[in-house]
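Position 1 is the first residue of the sequence; numbering continues from there.
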Amino acid sequence: MKIAVYGRQFNDASIFPYIRQVFDTLLQHNVEVCIHPLLNENLQNHIDTSAFTVLNCDSALKGHIDIFLTLGGDGTLLDMVSVVRDTGIPVIGINFGRLGFLASINKSDIAAAIHAVVNQEYTLDSRELLVIDSDEKIFGDNNFALNDITIHKRDDSAMITCHVALDGEFLNSYWGDGIIVSTPTGSTAYSLSCNGPIIFPQSDSIALTPVAPHNLNVRPVVLPNTSRVSIDVDYRGNNYIVSCDSRTAIIDKPMQFRVYKADFKLNLIRLNNESYLSTLRKKLLWGLDARNY
């Protein structure tokens with residue numbers, strides 16, 4: 001089995017013992033470890049990676065890598081989406097961050113999780129992605145998002161106006177800080193903090209959530225995932241931000257953006273002792289009496 005490992009820069013030295021445990025456990029299971037070049041660079045002077053193969057991201061990954069393992073939080077796993085792309089290679093994340101909806105493996109469960117993965121004691125949870133398109137390809141070929149696509153004003157600028165249409169029919173004009181188009185996976189991310197709905201991954205839906213709308217009668221809308229959303233942006237400031245998961249672009253002119261479901265999915269590994277409901281309960285503290293917590 002070949003497992004590729006990816007991670008961002010680690011600023012907390014207390015994380016390195018857990019990373020060593022990950023590599024040691026993989027080697028104990030006779031796994032061939034391929035380390036992403038960025039992670040390999042970040043671990044220099046901290047962990048010896050000479051026993052591992054450095055992953056060539058320019059070559060075909062499908063058929064070469066069996067599983068991608070991310071070390072970090074949800075943002076780290078989102079970064080990996082642009083590497084995995086449409087290969088269908090399963091992804092699992094060990095959470096060194098905070099909440100960890102996507103990277104759901106706790107540091108204390110590293111050994112058990114790797115044992116389950118190596119012995120294929122898991123199921124695949126297929127997650128839909130969104131594509132953002134425009135006349136100018138602002139994200140190039142990495143124009144897809146697992147969580148959400150967001151249009152947002154700059155911190156020091158006036159509010160922006162987003163004229164939204166669904167399948168060519170006008171829906172509404174949103175005056176405010178911006179708008180979020182999220183997948184069910186992204187419904188527990190930025191959209192949730194803006195009072196958007198929690199959507200189960202199998203719901204075949206996307207959510208349109210306004211950010212701090214000036215119209216008080218505006219509410220989030222849940223759409224079928226077959227919808228093609230077009231967004232015309234007007235603004236009075238110098239520029240505004242368009243984000244595609246963790247990738248951002250600063251736009252300095254009015255533009256129209258088109259958002260729709262991607263033609264491929266991401267395979268998340270879900271261990272057999274996990275479920276979406278158990279993740280919700282654990283991360284959102286549901287079922288606990290907050291008065292005594």
Side-chain angles (χ1 to χ4, degrees), residues 67-68 70 73-81 84-86 88-95 97-106 109 113 116-117 121-132 144-150 164 166-167 171 179-211 218-229 243-246 259-288 290:
I67 289 172
F68 269 102
T70 66
D74 286 353
T76 305
L77 195 147
L78 289 175
D79 283 350
M80 180 50 57
V81 175
V84 175
R85 303 178 67 86
D86 59 351
I89 298 173
V91 178
I92 188 171
I94 296 176
N95 183 31
R98 296 179 177 86
L99 200 56
F101 267 101
L102 298 175
S104 58
I105 305 303
N106 292 325
D109 298 327
V117 168
E121 297 171 354
Y122 60 81
T123 57
L124 293 182
D125 191 357
S126 295
R127 298 296 183 92
E128 293 183 345
L129 296 94
L130 291 173
V131 170
I132 180 170
F144 47 86
L146 176 63
N147 261 0
D148 49 52
I149 290 167
T150 302
V164 178
L166 302 180
D167 301 320
L171 172 66
I179 197 163
I180 306 166
V181 187
S182 73
T183 64
T185 301
S187 69
T188 53
Y190 188 22
S191 176
L192 181 62
S193 69
C194 295
N195 294 318
I198 294 176
I199 304 176
F200 275 60
Q202 303 82 10
S203 299
D204 295 332
S205 302
I206 58 178
L208 194 66
T209 306
V211 181
V218 169
R219 294 293 181 269
V221 180
V222 178
L223 313 170
N225 63 3
T226 55
S227 301
R228 296 180 69 89
V229 181
S243 67
C244 185
D245 277 348
S246 56
V259 180
Y260 49 90
K261 182 179 70 171
D263 59 1
F264 63 93
K265 296 182 179 181
L266 180 80
N267 288 321
L268 282 180
I269 289 178
R270 186 174 296 281
L271 302 184
N272 291 341
N273 62 346
E274 292 182 334
S275 69
Y276 186 70
L277 276 178
S278 67
T279 300
L280 283 179
R281 289 195 303 268
K282 180 168 59 176
K283 302 302 181 180
L284 300 181
L285 306 181
W286 286 358
L288 295 176

Task: CG on Leu271 to OG on Ser104, rounded to 0.5 Å - done: 6.5 Å

Open item on the list: Quick one, Lys265 and Glu128 - any side-chain contact, counting heavy atoms below 4.5 Å?
Closed with: yes

Open item on the list: In the structure I gave you, are the side-chain heavy atoms of Glu274 and Ile105 within less than 4.5 Å of one another anywhere?
Closed with: yes

TODO: Rounded to the nearest 0.5 Å, what's the gap from CD on Gln202 to CZ on Arg127? Could you check?
DONE: 7.5 Å

Task: Val229 backbone acceptor or donor facing Ser227 side chain under 3.5 Å - done: no

TODO: Determine whether Ile92 and Leu77 make a side-chain contact, defined as any pair of heavy atoms from C-beta on separated by less than 4.5 Å.
DONE: no

Task: Nearest atoms (heavy-atom pairs only) where Thr209 meets Ser191 - done: OG1-OG, 2.9 Å

Task: Test item: Asn267 side-chain N/O and Ile89 main-chain N/O as donor-acceptor pair under 3.5 Å - done: no

- [ ] Heavy atoms only: give me the nearest Asn95-Gly73 pair and the separation to one decimal.
- [x] OD1-CA, 3.7 Å

- [ ] Starting at NZ of Lys261, measure out to OG1 of Thr183 and round the result to the nearest 0.5 Å.
- [x] 12.5 Å

Open item on the list: Minimum heavy-atom separation for Asp79 and Ser246, please, with both atom names.
Closed with: OD1-OG, 2.7 Å

Task: Nearest-0.5 Å distance that lies between atom CZ in Arg85 and atom CZ in Phe264 - done: 6.5 Å

TODO: Would you check if Thr188 and Ile198 make a side-chain contact, meaning some heavy-atom pair closer than 4.5 Å?
DONE: yes

TODO: Kindly indicate whether the side chain of Leu146, heavy atoms from C-beta on, has any atom under 4.5 Å from the side chain of Leu102.
DONE: yes

Open item on the list: With rounding to the nearest 0.5 angstrom, report the CG to CG distance, Leu171 to Leu223.
Closed with: 7.5 Å

Open item on the list: Any heavy-atom pair between the side chains of Leu277 and Trp286 that's under 4.5 Å?
Closed with: no

Task: 4.5 Å side-chain heavy-atom contact, Phe144 and Asp263 - done: no

Task: Candidates Ile180, Ile179, Ile132, Leu129 - the one meeting side chain to side chain contact (heavy atoms under 4.5 Å, CB included) with Ile149 - done: Ile132

TODO: Kindly compute the distance separating OG (Ser275) from CZ (Arg281), expressed to the nearest 0.5 Å.
DONE: 5.5 Å

Open item on the list: How close do Tyr276 and Arg270 get, counting heavy atoms only, and between which atoms?
Closed with: N-NH1, 3.6 Å

Task: Ile67 side chain near Val91 side chain, heavy-atom distance below 4.5 Å - done: no

Open item on the list: Does either side chain, that of Ser205 or that of Asn225, offer a donor lying less than 3.5 Å from an acceptor on the other one?
Closed with: no

Task: Sidechain-backbone polar pair: Asn147 side chain, Asp245 backbone, donor-acceptor under 3.5 Å - done: no

- [ ] Kindly give the heavy-atom pair with the smallest separation between Pro184 and Pro201, and that separation in Å.
- [x] CB-CA, 3.7 Å

TODO: Using atom types as modelled and distance alone, determine if a side-chain donor or acceptor of Asp125 lies under 3.5 Å from a backbone N or O of Leu268.
DONE: no

TODO: Taking all heavy atoms of Pro224 and all of Ile206, pick out the closest pair and write down the distance.
DONE: O-CG1, 4.1 Å

